[in-house]
Amino acid sequence: MGKVLVLYHSASGNTAAMARLVADGAALIPGTEVRLREVDAAAPEDVYWCDGMAVGSPTNMGVLSWKMKRFWDETMFDHWGKVDGKVACAFSSSGGWGGGAEIACQSLQMVLMNFGFLVFGVTDYAGKMTTCHYGAVAAREPRDEEVKSGCVLLGRRLAEWVAVVADGRKEQHPLAKPESRTLPG
């Protein structure tokens, strides 16, 4: 059974709402156990437990929040080099469109790559105009159906990759499921 951790920091509740949607998406893949953790309640054991992780943060001046950075800088410091090879992705909520959420996702991915995580983007579209190439993004609370679908898609894709990489379940590879793909056009 693949294990997915959705680790998040939420200052206003917007990123927490995204985290729940990402967790819902991960739960769509049979045989996936999902754990949702707010960063203040998280411990290194949570990171060791998972096979894959979605990390979410509010966008703070275009990058991840200081609380999420502190988790990796301090809580996980002694665990660097010990969690290599886990699959990971990112999501972020900003104060408005153009507020830097995709850059915040990239800053989360850089932290994850430094810890040896295998990060990915999503080529599928969550709607006519919504992608998750760098992660799921929202402007404030995820209210629009396309934004919600992006969060669910990110979680589903994470669980698919966990099933393939950690469990060897090749039937869960996205290319093996053309009926579930949503490409542009």
Contact summary for Q172 and P30, nearest pair of heavy atoms = NE2-CD, 4.4 Å

What residues form a salt bridge (Lys or Arg N to Asp or Glu O under 4.0 Å) with E171, not counting sequence neighbours?
-> R169

Would you check if W161 and H173 make a side-chain contact, meaning some heavy-atom pair closer than 4.5 Å?
-> yes

What heavy-atom pair brings M53 and L7 nearest, and what distance separates the two atoms?
-> CE-CD2, 4.2 Å

Here the gap from L21 atom CG to C151 atom SG, rounded to the nearest 0.5 Å, amounts to 5.0 Å

Residues in salt bridge (Lys or Arg N to Asp or Glu O under 4.0 Å) with D124, at least two apart?
-> R157, R181

Between S10 and A16, what is the shortest heavy-atom contact and its length?
-> OG-N, 3.1 Å

Going only through I, L, V, M, F, W and Y residues with side-chain contacts under 4.5 Å, is there a path from F117 to V111?
-> yes

Below 4.5 Å, heavy atoms only, C-beta onward: do V162 and K3 meet side chain to side chain?
-> no

Single-linkage hydrophobic cluster, 4.5 Å side-chain cutoff, V39 and V83 together | yes

Could you check if a side-chain atom of Y8 sits within less than 4.5 angstrom of a side-chain atom of V22, using non-hydrogen atoms only?
-> no

Could you check if a side-chain atom of F120 sits within less than 4.5 angstrom of a side-chain atom of L158, using non-hydrogen atoms only?
-> yes

Work out which heavy atom in M18 is nearest to a heavy atom in S93; give both atom names and the distance.
-> SD-CB, 3.6 Å

Hydrophobic cluster membership, M113 vs W80, 4.5 Å side-chain cutoff | yes

Beyond-backbone contact of V55 with F71, side-chain heavy atoms, under 4.5 angstrom | no

Is it true that the side chains of S92 and T59 contain a donor and an acceptor less than 3.5 Å apart?
-> yes

Whether S107 side chain and L64 backbone form a donor-acceptor pair below 3.5 Å | yes

Grab the two heavy atoms, one from L175 and one from P178, that are nearest each other, plus how far apart they are.
-> O-CD, 4.0 Å

Please answer: with hydrophobic residues joined when any side-chain heavy atoms are less than 4.5 Å apart, are V47 and L118 in the same cluster?
-> no

State, to 0.1 Å, how close C50 and L5 come at their nearest heavy-atom pair, and which atoms those are.
-> CB-CB, 3.7 Å

Those residues that, when tested against K67, pass salt bridge (Lys or Arg N to Asp or Glu O under 4.0 Å) (two or more places apart) = D40

Kindly compute the distance separating CH2 (W72) from CG (L112), expressed to the nearest 0.5 Å.
-> 5.5 Å

Do H9 and W66 make the cut of ring centroids closer than 6.0 angstrom?
-> no

Mind checking whether V119 and C89 have side chains closer than 4.5 Å, heavy atoms only?
-> no

K148: salt bridge (Lys or Arg N to Asp or Glu O under 4.0 Å) partners, not counting sequence neighbours | E145

Between CG on residue L153 and OG1 on residue T182, distance to nearest 0.5 Å | 5.5 Å

Rounding to 0.5 Å, atoms CE (M110) and SG (C105) come to a distance of 11.0 Å

Kindly list each side-chain donor-acceptor pair under 3.5 angstrom involving residues 128-135, sequence neighbours excluded, with atom names and distances?
unit_1: T130; atom_1: OG1; unit_2: E146; atom_2: OE1; d: 2.5
unit_1: H133; atom_1: ND1; unit_2: V122; atom_2: O; d: 2.9

Is any side-chain heavy atom of F91 less than 4.5 Å from a side-chain heavy atom of V137?
-> no

Can you list every pair that meets salt bridge (charged side-chain N to carboxylate O under 4.0 Å, His left out) and has a residue in residues 42-59, with sequence neighbours left out?
-> R35-D46, R37-D46

May I ask you to test the L108-M68 pair for a side-chain heavy-atom distance under 4.5 Å?
-> yes

Can you tell me how far the CZ atom of F115 sits from the NE2 atom of H79, to the nearest 0.5 Å?
-> 9.0 Å

Pairwise distance CZ(R20) to CG(L36) - rounded to 0.5 angstrom = 7.5 Å

